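Structure first, commentary second.
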There are 2 protein chains.
Amino acid sequence: MSIPPSSKTPSGPSAVDPVEAFLQRRKKATINDVASLAQVSKKTVSRVINNSPSVRAETREQVNAIINRIGFKPDPQARGLAFRRSFLLGLIYDNPNAQYVVNIQAGILDCIRGSGTEIIVHPCDKNSDDFLEEIRDFVELQRLAGVILLPPIAENRQLLAMLDDLDVPYVRITAMHGAENTPPILSPQVVSRDRQGCLAAAEHLVELGHTRIGFISGPAGYASARERRQGFDEGLARHGLSLSDELITGGEYTFESGFEAARHLLALSPRPTAIFASNDEMAIGAYKAAAQLGLTIPDELSVIGYDDAPIASRITPGLTSVKAPIRDIGRTAAETLISEEKPRRNTTIFDTALIVRESTGPREPDFKP
Amino acid sequence: MSIPPSSKTPSGPSAVDPVEAFLQRRKKATINDVASLAQVSKKTVSRVINNSPSVRAETREQVNAIINRIGFKPDPQARGLAFRRSFLLGLIYDNPNAQYVVNIQAGILDCIRGSGTEIIVHPCDKNSDDFLEEIRDFVELQRLAGVILLPPIAENRQLLAMLDDLDVPYVRITAMHGAENTPPILSPQVVSRDRQGCLAAAEHLVELGHTRIGFISGPAGYASARERRQGFDEGLARHGLSLSDELITGGEYTFESGFEAARHLLALSPRPTAIFASNDEMAIGAYKAAAQLGLTIPDELSVIGYDDAPIASRITPGLTSVKAPIRDIGRTAAETLISEEKPRRNTTIFDTALIVRESTGPREPDFKP
DNA sequence: TTGTATGCGTTATCAT
DNA sequence: ATGATAACGCATACAA
């Protein structure tokens with residue numbers, strides 16, 4: 001940085017600079033090199049590295065000067081061995097969509113970039129027999145600094161209990177938030193307010209004049225599915241409306257299930273004039289069903305999805321969808337894990353927003369239910 | 001596994017089993033525990049762990065029995081420190097699409113699952129000032145067991161030179177293969193034969209009667225862009241056709257660039273009856289352009305993409321596209337890196353295939369060029 | 001074939 | 001505030 005090429009070390013002004021001599025060797029610097037060059041013990045160097053308060057400012061500067069000059073970076077392996085924990089964050093997930101995973105990764109990296117922490121990805125299969133054991137081995141063996149859990153396994157009680165037992169810090173990314181969170185889970189979580197965006201989606205449809213609305217849900221047991229449904233219900237309720245049972249159909253967050261569900265809904269008589277799908281995959285399935293029936297979106301059918309996946313803005317007509325700030329969520333999750341602060345916030349909540357595109361329009365004026 | 005609960009160790013049949021005693025302590029086993037329990041030195045245990053041939057079969061079994069009973073797993077950190085390298089694979093990439101990254105990751109994991117190796121993801125920015133330095137620090141600090149490079153940075157000569165200098169094993173995943181690979185790069189690579197699938201795409205269009213075909217290329221300098229173009233040219237040439245210059249337009253592998261390119265092509269007079277886009281993102285851009293112009297796919301315009309991205313099978317009409325076995329490619333890359341075999345294959349090639357869907361059809365019989 | 005002493009690069013303990 | 005010495009868990013050199 002701003003260190004002059006010839007520093008005024010106690011070894012004398014015009015003598016051969018031992019630092020320069022060291023740099024000639026072109027070997028990776030260790031704490032020992034720093035110690036001997038700075039003429040202190042390794043322990044003192046270690047204290048500097050770890051920001052121990054019990055180091056004289058003068059000594060600290062001296063050591064830091066050497067560290068910068070020879071480009072010393074402590075070896076994470078050795079450090080980890082001594083600390084008994086690594087500097088690795090584990091990202092564990094079962095099977096979310098690709099874009100979601102990549103966005104989360106990007107967010108995590110926003111946070112850890114330059115911090116010396118790295119992220120190791122660990123997909124798993126929640127239906128596998130050794131699901132828990134496999135994760136246990138992974139976490140234990142790698143001595144992870146922290147774990148980030150994505151939905152839906154972030155809602156797996158057994159997994160959480162095991163991680164508690166393993167005594168590893170972890171953060172859950174989830175849509176769940178509220179009373180059904182019982183018994184209360186104390187681990188930090190980063191939450192997206194799915195409910196809110198879906199509420200907006202419902203109101204949007206109502207304002208467009210739709211009253212006969214189809215709802216394609218997410219898989220039973222998924223917190224996100226529950227939240228989205230409740231948000232949607234709430235939005236309708238604000239206008240004195242509600243979903244009729246026959247227009248509620250179960251999806252599995254897959255394209256195929258959305259297609260089938262929409263086919264079912266559109267075969268009803270009278271058919272719904274709008275469909276809310278609990279994610280974009282299924283909404284696109286509804287597009288396909290509409291196309292097969294020759295229904296034009298949005299003129300004859302309005303569609304809303306959830307995720308604001310890339311396809312939403314690429315398909316014609318553009319898909320109105322609810323967007324959560326996935327990348328921010330990932331970043332926050334990592335921050336929660338590696339922040340120095342003692343009292344880290346236990347729950348961070350992110351709002352979701354309705355992105356209105358061309359897939360939603362006014363109900364056909366002449367449509368007879 | 002199949003070890004009886006009470007084993008017949010030399011310590012005596014009905015005496016207090018030292019192994020059981022150890023298991024009571026519920027502490028993570030170390031090599032020392034194994035050594036004392038098996039009544040050998042740590043070194044012998046170490047040899048067993050590392051499959052050293054110079055261990056008597058009997059001794060080996062004895063040690064392995066203890067290892068299994070107490071569930072000993074060598075600590076990667078300590079092992080890495082002694083080995084001077086970690087058991088981590090680095091996946092470095094700049095900005096491919098999300099599905100590609102996730103597929104590659106899945107393939108890598110197919111390979112390393114249960115091997116003790118883990119994968120750490122490292123996105124980077126090839127336009128950043130400290131692009132190389134940043135990667136150097138990463139690789140050096142983590143003492144990576146190997147590096148997997150994705151396109152387009154897998155084609156960056158400076159990066160390759162640096163990795164050579166760092167003496168870290170690495171594999172390149174690329175589309176490039178052939179004479180233009182000069183000066184020859186000796187590092188292992190896993191190659192997809194982009195050329196072949198694109199050749200098939202061209203022939204497919206020709207067979208449907210198309211002669212006036214638009215081509216949207218990938219970014220200049222990308223090996224994949226070059227290969228796809230050449231494959232397509234070759235396919236046309238087999239039927240005595242070739243791309244006319246005015247129908248070749250440059251894309252950037254982005255949705256927007258595909259949209260603009262297609263708009264340009266479709267504004268020509270006479271317009272092309274078919275468009276090949278060098279990836280699906282751009283092909284979907286062409287869909288949008290066609291929709292804006294009121295052109296029906298495939299009746300009035302045939303479209304082919306590349307990647308067989310999820311959107312290809314979800315959009316209506318389904319997009320005919322070239323598919324590469326991404327996951328297999330990822331797996332092979334990992335295998336190349338962690339295989340025990342000395343003479344590991346330097347280049348593995350995977351075929352690509354044309355997936356025909358509904359976006360391609362016969363040229364309109366009455367279309368006058 | 002097996003064991004002993006030592007090193008890998010860092011932190012923890014306990015002194016001074 | 002600083003330092004000598006012993007961990008941390010495993011591998012290597014060199015003996016035996």
Side-chain angles (χ1 to χ4, degrees), chain A residues 10 22 25 27-64 66-67 70-88 116-117 140-145, chain B residues 10 22 25 27-64 66-67 70-88 116-117 140-145:
Chain A
F22 172 83
R25 296 182 29 222
K27 280 193 57 181
K28 257 188 67 172
T30 76
I31 198 173
N32 289 307
D33 301 320
V34 177
S36 72
L37 251 25
Q39 308 189 28
V40 297
S41 74
K42 5 191 315 192
K43 182 58 198 170
T44 297
V45 178
S46 173
R47 287 190 175 97
V48 171
I49 294 170
N50 294 288
N51 291 314
S52 161
S54 56
V55 170
R56 253 193 326 176
E58 195 181 340
T59 310
R60 179 185 307 277
E61 278 180 44
Q62 202 175 127
V63 171
N64 273 328
I66 297 293
I67 287 179
I70 70 177
F72 165 74
K73 307 224 170 118
D75 180 335
Q77 304 230 42
R79 224 146 97 87
L81 184 57
F83 269 139
R84 276 128 161 217
R85 65 174 196 78
S86 72
F87 296 89
L88 302 172
T117 303
E140 212 166 26
L141 209 57
Q142 297 296 330
R143 295 193 197 288
L144 295 183
Chain B
F22 172 82
R25 294 182 32 221
K27 280 194 60 180
K28 258 187 66 173
T30 76
I31 197 174
N32 289 308
D33 301 321
V34 178
S36 73
L37 252 25
Q39 308 190 29
V40 296
S41 74
K42 337 172 11 171
K43 181 55 202 171
T44 298
V45 179
S46 174
R47 282 195 246 270
V48 171
I49 295 170
N50 294 288
N51 290 315
S52 162
S54 57
V55 170
R56 252 193 325 174
E58 194 181 341
T59 311
R60 180 186 306 278
E61 277 180 44
Q62 201 176 126
V63 172
N64 273 328
I66 297 292
I67 287 179
I70 70 177
F72 165 73
K73 308 223 170 117
D75 181 335
Q77 304 231 40
R79 223 146 97 90
L81 185 57
F83 268 140
R84 287 155 150 153
R85 65 174 195 76
S86 72
F87 296 89
L88 302 172
T117 303
E140 212 166 28
L141 208 58
Q142 297 297 328
R143 294 191 197 287
L144 295 183

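All values reported here derive from a predicted model rather than from experimental measurement. Letters A, B, ... mirror the listed sequences (proteins, then strands); counts begin at 1.
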Taking N or O atoms only and anything under 3.5 Å, show me the protein contacts with nucleotides 9-13 of chain D, one pair per line.
from, atom 1, to, atom 2, distance (Å)
D:dG9, N2, B:Ala78, O, 3.4
D:dC10, OP1, B:Asp75, N, 3.0
D:dC10, OP2, B:Ile31, N, 2.4
D:dC10, N4, B:Lys42, NZ, 3.1
D:dA11, OP1, B:Asn50, OD1, 3.3
D:dA11, OP1, B:Asn50, ND2, 2.9
D:dA11, OP1, B:Arg79, NH1, 2.8
D:dA11, OP2, B:Ser46, OG, 2.7

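- Taking CD of B:Gln39 as the reference point, atom OG1 of B:Thr44 lies at 12.5 Å (rounded to 0.5 Å).
- Using a 4.0 Å heavy-atom criterion, one finds that A:Ser54 contacts the bases of the nucleic acid, with or without backbone contacts as well.
- Contact of the B:Thr30 side chain with the B:Asp75 side chain is not registered, since no non-hydrogen atoms from C-beta on lie closer than 4.5 Å.
- Note that CD1 of B:Ile66 is 5.0 Å distant from CG of B:Leu37, once rounded to the nearest 0.5 Å.
- Here the P atom of nucleotide C:dT10 and the CZ atom of A:Arg85 are 16 Å apart, to the nearest Å.
- For A:Ser41 and D:dA4, the shortest distance from a side-chain N or O to OP1 or OP2 is not below 4.0 Å.
- B:Arg60 contributes no side-chain N or O that, together with a main-chain N or O of B:Asn51, makes up a donor-acceptor pair within less than 3.5 Å.
- Distance, B:Glu140 CD to C:dG9 P: 13 Å, rounded to whole Å.
- One finds the CD1 atom of B:Ile67 at 12.5 Å from the CD atom of B:Glu61 (value rounded to the nearest 0.5 Å).
- Using a 4.0 Å cut-off, some side-chain N or O of A:Thr59 falls inside it from OP1 or OP2 of D:dT2.
- Rounded to an integer number of Å, the gap from A:Gln62 CD to D:dT2 C1' is 13 Å.
- A search for side-chain hydrogen bond (donor to acceptor under 3.5 Å, both in side chains) contacts involving B:Lys73 returns A:Asp137, not counting sequence neighbours.
- For B:Ser86 (side chain) and B:Arg143 (main-chain N/O), a donor-acceptor pair under 3.5 Å exists by modelled atom type.
- Side-chain contact between A:Phe72 and A:Asp33: absent, with no pair of heavy atoms (C-beta onward) separated by less than 4.5 Å.
- Between its two ends, the helix from C:dT1-D:dA16 to C:dT16-D:dA1 turns its axis by 30°, counting five pairs per end and rounding to 10 degrees.
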